[in-house]
Amino acid sequence: MPLLRVRNLRVRFETADGTVNAVNGVDLGVEAGQSIAVVGESGSGKSQIMFAIMGLLARNGSASGSVELEGREVLNLAEEELNRIRSRHIAMVFQDPMTALNPYLRISDQMTEVLTVHRRMSRREAREEAIRMLEAMDIPDARSRIGQFPHEYSGGMRQRVLVAMALLCRPRLLIADEPTTALDVTVQQQIMRLLSEARAEQGTALILVTHDVGVVAGHCDEMVVLYGGRIMESGPVKAVFAAPRHPYTRGLLNAVPRLDRDDEDLPAIPGDPPDAQRLPAGCPFAQRCPRADERCRRVLPALESFAPGRAAACHHPLA
Amino acid sequence: MSAPLLSVRDLSVGFPVRPREGRPWAPARTLRAVEGVSFDLGTGETLGIVGESGSGKSTLARALIGTVPASGGRALWRGEDLLSMGPAERHRHRRDIQMIFQDPLAALNPRMTAEAIIGEPLVTHEPRLPRAELRTRVGEIMERVGLLPGHLNRYPHEFSGGQCQRINIARALIVQPRLLICDEPVSALDTSVQAQIINLLRDLKRDLGLSLIFIAHDLSVVKHISDRIMVFYLGRVMEYAAARDLVARPRHPYSRALIAAAPIPDPAVERGRRSEALRGELPSPLAPPSGCVFRTRCPVARAACAEERPVLRDFGGDHLAACPFGGDS
């Protein structure tokens with residue numbers, strides 16, 4: 001039984017301007033201890049999938065389909081039951097470490113709350129555990145700094161606090177939504193290393209939501225490429241990078257300049273990501289795809305497996 | 001190289017900062033955002049400036065366009081010092097140096113159409129230009145940057161992020177500047193759109209003979225577009241060299257750390273790179289470390305590094321680094 005199984009997940013938002021179809025039938029499976037990257041650009045639906053799993057969709061959003069955590073359906077559970085699952089089973093690290101922390105509360109109060117509520121520790125025990133976790137996250141002078149407020153921490157330290165908080169209840173699955181996008185590259189390296197170490201030591205599975213294919217290359221086993229709220233391609237990271245099957249995957253991988261090469265040309269993908277309010281009838285990538293024909297514009301390609309562990313949704317896949 | 005277009009010598013920018021604690025009459029301290037920066041930029045050249053947040057790279061750009069006052073040094077624009085000019089004199093040169101910013105939508109007035117936005121600098125600098133001519137010029141520049149002429153009457157919110165950045169580029173280029181300063185021009189854009197804008201800037205530079213100052217935190221992007229790269233840390237230049245040389249043979253430990261931290265989008269390569277992450281935090285710019293400002297996080301720092309501020313030294317072939325141990329690896 002996989003740790004997490006998502007089937008035919010759909011997320012839509014009712015807005016004043018009409019319905020936004022953010023996620024349009026996504027399947028996802030995560031095994032215990034696995035690290036899987038969910039790659040996509042803005043509007044691809046990557047964050048909304050995670051919010052739906054966590055029960056954190058905005059009020060005007062609704063999710064349908066199925067999300068099974070260790071065999072139990074958790075989609076659209078009541079808040080009270082969700083709270084039991086969140087943090088013990090799944091925890092999440094968000095993109096912006098400042099807005100994810102309460103500016104009025106000391107770091108100690110924010111960290112020990114999870115422990116006293118979910119692990120029923122005494123306040124003293126919880127404080128000691130929180131200090132140990134901060135030390136594991138390389139927060140210097142953790143014993144005295146735990147009494148400080150979020151604004152007294154640098155951006156990188158705040159993100160380390162969030163990672164520490166997420167790991168406090170030893171979750172089976174950690175969802176990290178662009179955890180390093182707001183950070184400098186040397187700090188990104190620190191955070192990703194800490195995440196990898198914690199994962200290896202605790203056996204936590206990781207879903208890394210990111211737009212950065214460089215981070216995926218270094219830290220994930222499996223990857224899923226999203227576009228227009230659908231999966232374009234999925235498979236092991238090494239195999240997908242070595243031979244992408246979907247033209248969008250190839251375009252995305254080629255569009256990033258590489259420090260280890262002196263390429264003169266940077267093959268860009270023309271056009272812009274699609275508007276989730278006006279998705280085309282056929283393949284969402286057809287408008288920008290060099291291989292697209294009439295069929296692509298009319299008929300939505302299904303996600304089909306073409307090799308063990310690999311799948312792509314394309315009428316004209318790359319050989 | 002013939003006479004440089006822009007010649008910056010020992011440029012410094014300081015901000016007075018009132019101490020948070022202490023008596024009301026305690027003297028203000030100076031935050032040295034940029035200190036002692038020198039470089040020459042020739043026609044058609046691209047200077048890349050890379051550094052992390054708080055390194056002073058944007059402040060340097062703002063000092064050059066005059067939106068923050070420099071506290072010392074000179075910036076010679078075709079021989080005349082921009083920093084000591086009066087407002088009227090400066091205005092004459094303003095059309096020569098244009099700038100684009102990180103957030104493409106925030107840089108555009110939401111109540112103006114694309115046509116009005118792009119045409120505005122031309123109205124400012126050539127007030128007597130006939131309306132028909134203005135419209136033609138706006139149409140031409142829109143086409144040049146890859147915008148559809150049919151979008152003249154649209155408002156900023158009707159464009160995507162990439163298109164908004166094209167509008168910003170069109171607005172900057174309509175007055176035919178010699179130098180375009182780009183401050184993180186692609187970091188707010190989607191990956192697939194970043195490459196479009198980088199390619200556009202490269203083409204424009206080549207076709208129009210523009211000089212570029214390209215500021216970004218992403219070393220891979222900076223290397224791709226730049227002839228020379230300047231690495232900033234805490235307001236000081238750590239290394240300054242030809243782009244490929246700097247990445248292939250970095251002399252400064254900080255440059256090495258930046259290169260090591262930049263992920264390479266290839267699992268076969270990236271998994272084999274095992275380097276130690278830089279430890280510690282960026283020191284407060286109000287109280288920079290003595291001697292070398294990088295020494296508190298430097299993996300090869302020695303006692304001597306706290307004593308003396310290392311000067312930029314030429315390691316051969318115009319490859320400058322501010323580390324006396326830059327030859328050792």
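Order of the sequence lines sets the chain letters (A, B, ...), proteins ahead of strands, with each chain counted from 1.
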When the 4.5 angstrom heavy-atom criterion is applied to A:P273 and chain B, the contacting part is side chain

NE2 of B:H224 to CG of A:L266, rounded to nearest 0.5 Å, is 4.5 Å

Turns out that what part of B:V222 lies under 4.5 Å from chain A's heavy atoms comes down to neither

Checklist entry - Is B:S192 close to A:R288 at the side-chain level, that is, under 4.5 Å between some pair of heavy atoms? => result yes

Scanning both residues in full, the closest heavy-atom pair of A:P257 with B:S220 reads O-CB, 3.6 Å

Interatomic distance, CD@B:E52 vs OG1@A:T186, rounded to 0.5 Å, equals 3.5 Å

message: Using side chain to side chain contact (heavy atoms under 4.5 Å, CB included), reason through A:R258 and B:D266 one step at a time and then give a plain yes or no.
response: CA-CA 9 Å; A:R258 287 178 61 155; B:D266 182 347; 3.3 Å; yes

_Can a donor-acceptor pair be found, under 3.5 Å and without considering hydrogens, that links the side chain of B:K223 to the backbone of A:R261?_
yes

Bottom line for A:R193: the part with an atom under 4.5 Å from chain B's heavy atoms is side chain

Whatever's closer than 4.5 Å to a heavy atom in chain A on B:N199 counts as side chain

Closest heavy-atom pair, A:A268 versus B:A195, reported as atoms and distance to 0.1 Å, is CB-CB, 3.6 Å

### Message
Between A:Q188 (side chain only) and B:A261 (backbone N and O only), is there a donor and an acceptor less than 3.5 Å apart?
### Response
no

In terms of heavy-atom pairs under 4.5 Å with chain A, the winner among B:I225, B:L189, B:V193 is B:V193

Is it the case that the side chain of B:R271 and the backbone of A:A217 share a donor-acceptor pair, with hydrogens and angles ignored and the cut-off at 3.5 Å? yes

So, the part of B:A268 with a heavy atom under 4.5 Å from chain A: the answer is neither

Scored by heavy-atom pairs under 4.5 Å with chain B, the best of A:V215, A:V237, A:D260 is A:D260

Okay, B:V221 and chain A: the region with an atom under 4.5 Å from a heavy atom over there is both

- For atom NZ of B:K205, decide whether the heavy atoms of other residues, nucleotides or ligands shown that lie under 6.0 angstrom number more than 12. yes

Got more than 12 heavy atoms from elsewhere within 6.0 Å of CZ, A:R250?
-> no

Shortest non-hydrogen pair, B:Q196 vs A:G271, comes out as NE2-O, 2.7 Å

Heaviest contributor of heavy-atom pairs below 4.5 Å to chain B, chosen from A:V256, A:D265, A:D262, is A:D262

Among residues 156-164 of chain A, residues within the sub-4.5 Å heavy-atom range of chain B, in order of number, are A:M157, A:R160

Okay, B:I259 and chain A: the region with an atom under 4.5 Å from a heavy atom over there is both

Honestly, the part of A:D138 sitting under 4.5 Å from a heavy atom of chain B is side chain

Cut-off 4.5 Å, heavy atoms of chain B, and the answer for A:L253 is neither

Between B:T191 and A:E41, a side-chain donor and acceptor under 3.5 Å: no

If you tally heavy-atom pairs under 4.5 Å between each of B:Q194, B:Q163, B:H217, B:R279 and chain A, the highest tally belongs to B:R279

Turns out that what part of B:I198 lies under 4.5 Å from chain A's heavy atoms comes down to side chain

* Check the surroundings of atom CD in A:Q287: do more than 12 heavy atoms from other residues, nucleotides or ligands lie under 6.0 Å from it? => no

Just checking B:E143: does its CD atom have more than 12 heavy atoms from other residues, nucleotides or ligands closer to it than 6.0 angstrom? no

Any donor-acceptor pair under 3.5 Å linking the side chain of B:D190 with the backbone of A:S42? yes

